[in-house]
Amino acid sequence: MPELPEVETIARDLAPQITGRTIVRMRHDRTPPVFDEHSLPAALLVGRSIEHVGRAGKFLVITLDDDLRLAVHLRMTGNLLFSKDGRPVDRTRAVIEFDNATRLVFADVRKFGRMRVFRGEARTTLGIGVDPLASELDDAMLRDLTRGRTTPVKVWLLDQKRLAGVGNIYACESLYAAGIRPKKPVGKLSRAQRYRLLASLRRVLRKAIQHRGSSVDDYVDAGGKEGEFQKHLKVYGRAGLPCRRCGAPIRRIVLGQRGTFYCPVCQR
DNA sequence: ATCAGCACCTGTTGGC
DNA sequence: TGCCAACAGGTGCTGA
């Protein structure tokens with residue numbers, strides 16, 4: 001489910017609600033564990049107050065005092081819900097309670113989502129690459145990251161160790177916007193294609209953030225509301241339907257074990 | 001180094 | 001209508 005725009009939406013909504021609050025209680029499932037094997041003890045969070053809410057790739061990153069951070073990865077079906085009442089939430093896996101009786105609820109149907117308590121810099125600790133929206137990523141950096149690589153560009157976009165935040169929906173949508181075939185070896189993109197890819201990635205991701213993310217299936221924001229960007233998807237999930245630009249049927253193939261959608265006419 | 005295959009979980013959908 | 005296989009926004013591990 002959640003990719004960069006969805007996590008960014010949650011982070012922006014959550015920041016004004018929980019910044020400055022102190023965590024007074026926390027509970028979580030143990031089987032399967034909510035906190036991954038690299039996590040410091042979750043109990044360290046109790047008594048700490050929240051200084052900042054941000055995002056690194058697809059991780060929501062909450063910075064607390066005592067140099068502590070909490071990273072949350074929603075994987076496929078995780079939801080982070082901010083609750084002002086005590087009403088129970090379906091599929092709850094963890095609850096963080098604040099000093100004003102509000103709560104952050106982590107719910108997850110498939111139980112793939114994980115949290116991690118750690119100290120230090122997020123990107124290094126989490127082992128993720130550069131953010132597509134970061135200013136440090138420019139054409140020269142993208143060239144260096146992709147040079148000589150024969151991986152299909154679609155598969156490359158999903159590798160979080162290099163570029164962090166792009167998932168299946170936005171990889172497909174960005175390649176459509178850039179007019180590039182998903183199978184094209186990433187190291188063989190022309191300079192013009194590479195330039196278009198970076199511009200398209202940013203345009204699509206920013207537009208998706210403006211529309212509060214895509215709710216294709218389970219995604220809802222911290223207030224429980226769906227996003228709007230699924231209404232603007234050009235190729236994702238549209239196999240067999242006409243391309244909105246040229247009318248040719250959108251094709252679905254499998255690349256890197258993931259469904260991949262593209263227009264065989266508009267994407268070269 | 002790379003990559004296909006599978007594992008982790010549960011729910012929904014489409015075909016027969 | 002019913003059953004079962006395939007598939008789902010993600011990632012990590014294993015073995016070739």
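Note on naming: letters A, B, ... go to the chains in the order of the sequence lines (proteins, then strands), and numbering restarts at 1 for each one. Note that the coordinates shown come from a computational prediction; the quantities given were computed from them, not determined experimentally.
Atom-to-atom, CZ of R116(A) to P of dT11(C) comes out at 13 Å; the value is rounded to the nearest Å. Atom-to-atom, CG of L126(A) to C1' of dG12(C) comes out at 15 Å; the value is rounded to the nearest Å. Taking atom CG on N79(A) and atom C1' on dG11(B), their separation rounds to 14 Å, with Å as the unit. Per the geometry, CZ belonging to F59(A) stands 7 Å off P belonging to dG12(C), to the nearest Å. The CG atom of L60(A) sits 16 Å away from the C1' atom of dG10(C) (whole-angstrom rounding). Note: CZ (R93(A)) to C1' (dC8(B)) measures 11 Å, nearest angstrom. Between the CD atom of Q257(A) and the C1' atom of dG10(C) there is a distance of 13 Å, given to the nearest Å. Between the CG atom of D159(A) and the P atom of dC3(B) there is a distance of 10 Å, rounded to whole Å.
Remark: dC9(B) base-pairs with no nucleotide in the shown strands. Criterion, Watson-Crick or G-U wobble with two distances under 3.5 Å.
Taking 4.0 angstrom as the limit, R110(A) places none of its side-chain polar atoms (N or O) nearer than this to OP1 or OP2 of dG11(B). The phosphate of dG10(C) has neither OP1 nor OP2 within less than 4.0 Å of any side-chain N or O from R114(A). Between K161(A) and dG12(C) there is no side-chain polar atom (N or O) within less than 4.0 angstrom of OP1 or OP2. Applying the 4.0 Å criterion to OP1 and OP2 of dA8(C), one finds that R75(A) has every side-chain N and O outside that range. For the OP1/OP2 pair of dC3(B) and a distance below 4.0 Å, the side-chain nitrogens and oxygens of T151(A) include at least one atom meeting the criterion. For Q160(A), a side-chain nitrogen or oxygen approaches OP1 or OP2 of dT11(C) to under 4.0 Å. Between H73(A) and dT11(C) there is a side-chain polar atom (N or O) within less than 4.0 angstrom of OP1 or OP2. Phosphate contact (OP1/OP2 of dT10(B), side-chain N/O of K111(A), threshold under 4.0 Å): present.
Between dG10(C) and dA1(B), the distance separating the two C1' atoms is 22 Å to the nearest Å. dC4(C) and dC9(B) are spaced 23 Å apart, taking the P atom of each and rounding to whole Å. Atom P of dG5(B) sits at a distance of 14 Å from the matching atom of dA6(C), rounded to the whole Å.
Backbone-only engagement by Y236(A) is indicated by non-hydrogen atom pairs under 4.0 Å involving sugar-phosphate atoms exclusively. As judged by a 4.0 angstrom heavy-atom cut-off over every strand, V109(A) is placed among residues touching the sugar-phosphate backbone only. Residue R252(A) is in sugar-phosphate contact alone, with no base atom involved, counting any heavy-atom pair closer than 4.0 Å across all strands shown.
Using a cutoff of 4.0 Å between basic side-chain nitrogens and carboxylate oxygens, D99(A) and R21(A) are scored as salt-bridged. Taking 4.0 Å as the cut-off between side-chain N and carboxylate O, R194(A) and D139(A) count as a salt-bridged pair. Using a 4.0 Å cut-off between a side-chain N of Lys or Arg and a carboxylate O of Asp or Glu, E8(A) and R55(A) qualify as a salt bridge. Ion pair R147(A)/D144(A) flagged as a salt bridge, since at least one NZ, NE, NH1 or NH2 atom sits closer than 4.0 Å to an Asp/Glu carboxylate oxygen.
Closest to the side chain of R258(A), out of dC6(B), dG11(B), dT11(C), is dT11(C). Nearest nucleotide to the R91(A) side chain, out of dG10(C), dC9(B), dT10(B): dT10(B).
Aromatic stacking is not marked for F112(A) over dC9(B), as the cut-offs of 5.5 Å for the centres and 30° for the planes do not both hold.
Counted within 6.0 Å of NE2 on H52(A), heavy atoms from surrounding residues, nucleotides or ligands total 12 or fewer; the atom is thus considered open.
Of the possible donor and acceptor atoms, none in the side chain of R87(A) sits under 3.5 Å from a partner among the backbone N and O of K84(A).
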